[in-house]
Amino acid sequence: MKRNIFLLIISGVLFTVNGCRNDVLDLKPLNKVGSEVLLSSEDGIRIFLANLYYQAPFEDFTYNRVGFHTGLVNTVGIHPDAQVGNAVNSEYNHLVDGTNFGWWDAGYKFNRDVHLLMETIPTITSLNEEKKNELISEIHFLRAFGYYALAKRYGGVPIITEFQQYTSDVESLKVPRSTEKDTWDFVMSECDEAIKYLPSTRSGIDARRVTKWAAYALKSRAALHAASIAKYWNKTPFSGLAVSEGLVGMEASLANHYYELCIQASRAVMDGSVHGLYQPNPNSVDEAVNNLLTLFQDPNVAPEEAILIYGYGKPGGGHAMDFWYNPNQTGDGSPHPGRMNPTLEFVDTYESYADPGKTAPIITTTDGNIGDYNGYSPTKSYLRFDTPYEIFKDKDARLWSTVILPFTEWKGQTIRIQAGYILPDGTAVIEADKASVEVEGVTYHTFGADAWKDYSGFDQQHLAEMTRTGFSFKKFLSPTTVESNQTLGFSTQDWMEFRYAEILLNYAEAVVESGYSEGDAQEAAKNALNATRRRAGHKTEIPLTIENVQRERRVELAFENKRWWDLIRRREFHEAFNNTIQTALCPVLDLRVSPPKYIFVRKYIIREIPLSFPVYMYYSSIPGIGSNGLIQNPNY
């Protein structure tokens, strides 16, 4: 049967096609090509694979709460990490419900296209058996990746392993849900099939296609997720038909099995002599900061760390990180920058070099009380600082490379983040209307400057562009100033879907959670935990504990779209968000002293509402059950 394949204009460029091969590229029309023509050569297969990689569930820069490839215009730049306590949007509150982050229809469309290619490869006479095996393994990776994305959202799902021919007999096409255990086991087996024949390295036009290390990395991530579901299932027990049929949930006795699969897959990458940490031993904290900035601004400089890169092409076909998330002062013509506001809770999480191995909350008062978020009080004795960033002295290098701190430099400008001032008579003007005052012949402004384009925080008359937490965003952003007006899709920084640091932390978590002790596992897991810290300039090793691992995951993988799934798989979301209001750190200029100094106020974020995570949302709602006949997830 002739099947028509619709080629997409792909904004995320994974790999390119050999320009001298005109037999494929000159086909007419180019938007509708029969599979028997398209899949008759390696270049045609490469085009089809590029389409599959584009459809694959890369939770990258264009991934958003309403889906994949939606991060340009939709939801005005509300990043997934702005839903999990790491940040808030400058204008909007938490916008999560049971339909967010869904991937059902698109997931099965992707799966169908995967099966078309899998069915076709064995019939292509121009390919030798070695190339066919390699391609089949690549397709197994894509299928594993797709079912992993479905499983972590929906639990057990229908497992379809062949290309289904459309027929008027709709009932014959329906496939019931498999159990959650069988679905995770299918992902594991698909990863194993991918590992068999995938190459160890790739280069040239194929450099961004998967290798066997990417397949091991996927298995490491997926197995850790499955293990956590089993271990923590009883924290939020569900009931109903989906539970009794095993479509959601797994027995706790299965946890160590999946932890061991994670350990084995992680260790394969760690022992593979291909991947490692980029610049693992900096000579100073400043060097560590610069190394980390470089890694995320251009991961192509770090082939040792980047296990799988999702690439972007020319400006106009890229993403919108710089458009939405630069601070107001460096928006380069973007009408609404400053959308990503890291929270005080997130900043508090980072360690201090002076007292490693624990969170280092920002101390603002002489009594050290960090639990009062009720705002400024004249009865409190506040610590005073000559500069607003002095309070962050000794904080982890990853804070400085991830967050723009008040009055630090970015793109050649001092980013003014100031919430107000204390007048000489003691009157507090904080998060109020724009104002100014003259003291001893000097004019001071509530937000640090007169014109609103010259500061980046707290002005409610320009709330969409101003941080309301006291912090702005830096990780991934380009350090280059755009001369003309910024546009959506202008950014071309590449995305690391899998990187070595995650593998180390997967390994450490799996070992500590399972108590696995074969060989040198405990010592190796401790070393893995401390390796990411060492790369950040830490000299003191800390013990292997689950608390240390989870803190390290949060700061090392921040804004890489991992925390949402960490909270889901470990059943911690409803604990983290239980009538919770997130908090800010307000830099305030104290004009009661001469010369003026800065004090800081820990407070609840302005315009923030209490947020809770309903437990039913640990699984997403399955759409279309009226027609597909599937059993719905609990409480929908």
Check the pair R177, N633 against side chain to side chain donor-acceptor pair (under 3.5 Å), reporting the backbone distance first and the verdict last. CA-CA 11 Å; R177 293 177 67 180; N633 279 330; 2.9 Å; yes
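- A cation-pi contact links K475 to F296, judged by a cut-off of 6.0 Å to the six-membered ring centre and 45° from its axis.
- Taking CZ of R202 as the start and CH2 of W213 as the end, the distance is 14.0 Å to the nearest 0.5 Å.
- Of the charged side-chain nitrogens involved, at least one lies within less than 4.0 Å of a carboxylate oxygen, so that D113 and K109 count as a salt-bridged pair.
- Between the side chain of Q632 and the backbone N or O of I622 there is at least one donor-acceptor pair closer than 3.5 Å.
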L295/M496 under side-chain contact (heavy atoms from CB on, under 4.5 Å): CA gap, chis, key distance, verdict: CA-CA 10 Å; L295 173 64; M496 286 183 286; 3.9 Å; yes
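- The backbone N or O of Y216 sits nowhere less than 3.5 Å from a side-chain atom of S220 that would complete a donor-acceptor pair.
- P327 pairs by the side-chain contact (heavy atoms from CB on, under 4.5 Å) definition with T330, I404, W410, I415, S456, S472, not counting sequence neighbours.
- Residues R554 and N86 have side chains in contact (heavy-atom distance under 4.5 Å, counting atoms from C-beta outward).
- Geometrically, R569 does not engage Y232 in a cation-pi contact defined by less than 6.0 Å to the ring centre and at most 45° from the axis.
- Here F145 and Y147 keep their ring centres 6.0 angstrom or further from each other.
- The pair E59-K562 does not meet the salt-bridge criterion, since no charged nitrogen lies less than 4.0 angstrom from a carboxylate oxygen.
- Residues I45 and I121 meet the side-chain proximity criterion, which asks for heavy atoms closer than 4.5 Å.
- Counting heavy atoms from C-beta outward, R339 and H79 have side chains that stay 4.5 Å or more apart.
- The distance between the ring centers of Y278 and Y500 does not fall below 6.0 angstrom.
- A cation-pi arrangement is present between R112 and F163 under the rule of less than 6.0 angstrom and at most 45 degrees off the ring axis.
- Aromatic ring orientation, Y310 versus H69: tilted (interplanar angle from 30° to 60°).
- Ion pairing of R570 with E513 is present here, as a side-chain N (NZ or NE/NH1/NH2) and a carboxylate O approach within less than 4.0 Å.
- Comment: D396 does not engage R533 in a salt bridge, judged by the lack of any side-chain N to carboxylate O separation of less than 4.0 angstrom.
- A side-chain donor-acceptor contact under 3.5 Å links N326 to the backbone of D322.
- Contact annotation: the side chain of M270 never approaches that of H275 to less than 4.5 Å [non-hydrogen atoms, C-beta and beyond].
- The side-chain heavy atoms of N300 and R208, taken from C-beta on, include a pair separated by under 4.5 Å.
- Ring geometry for H225 versus Y148: interplanar angle over 60°, hence perpendicular rather than tilted (30 to 60°).
- Aromatic rings from F613 and F573 are positioned such that their centres are separated by under 6.0 Å.
- Residues F559 and F476 keep their aromatic ring centres 6.0 Å or farther apart.
- Taking the six-membered ring for Trp, W103 and Y154 have ring centres at least 6.0 Å apart.
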Evaluate side-chain contact (heavy atoms from CB on, under 4.5 Å) for R553 paired with N506, printing each intermediate quantity in order. CA-CA 9 Å; R553 284 187 70 90; N506 291 351; 2.8 Å; yes
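- For the pair R499 and E502, the salt-bridge criterion is not met [side-chain N within less than 4.0 Å of a carboxylate O].
- Outside the 6.0 Å centre-distance limit, the rings of F58 and W495 are not counted as a close aromatic pair.
- At a threshold of 4.0 Å, the pair K212-E138 does not count as salt-bridged, since none of the basic side-chain nitrogens sits closer than that to a carboxylate oxygen.
- Comment: R563 does not engage D81 in a salt bridge, judged by the lack of any side-chain N to carboxylate O separation of less than 4.0 angstrom.
- Remark: E180 does not engage K152 in a salt bridge, criterion side-chain N to carboxylate O under 4.0 Å.
- Aromatic rings of W184 and Y258 (six-membered ring for Trp) have centroids beyond the 6.0 Å cut-off, not under it.
- Contact check for L292 versus W400: no side-chain heavy atoms found under the 4.5 Å cut-off.
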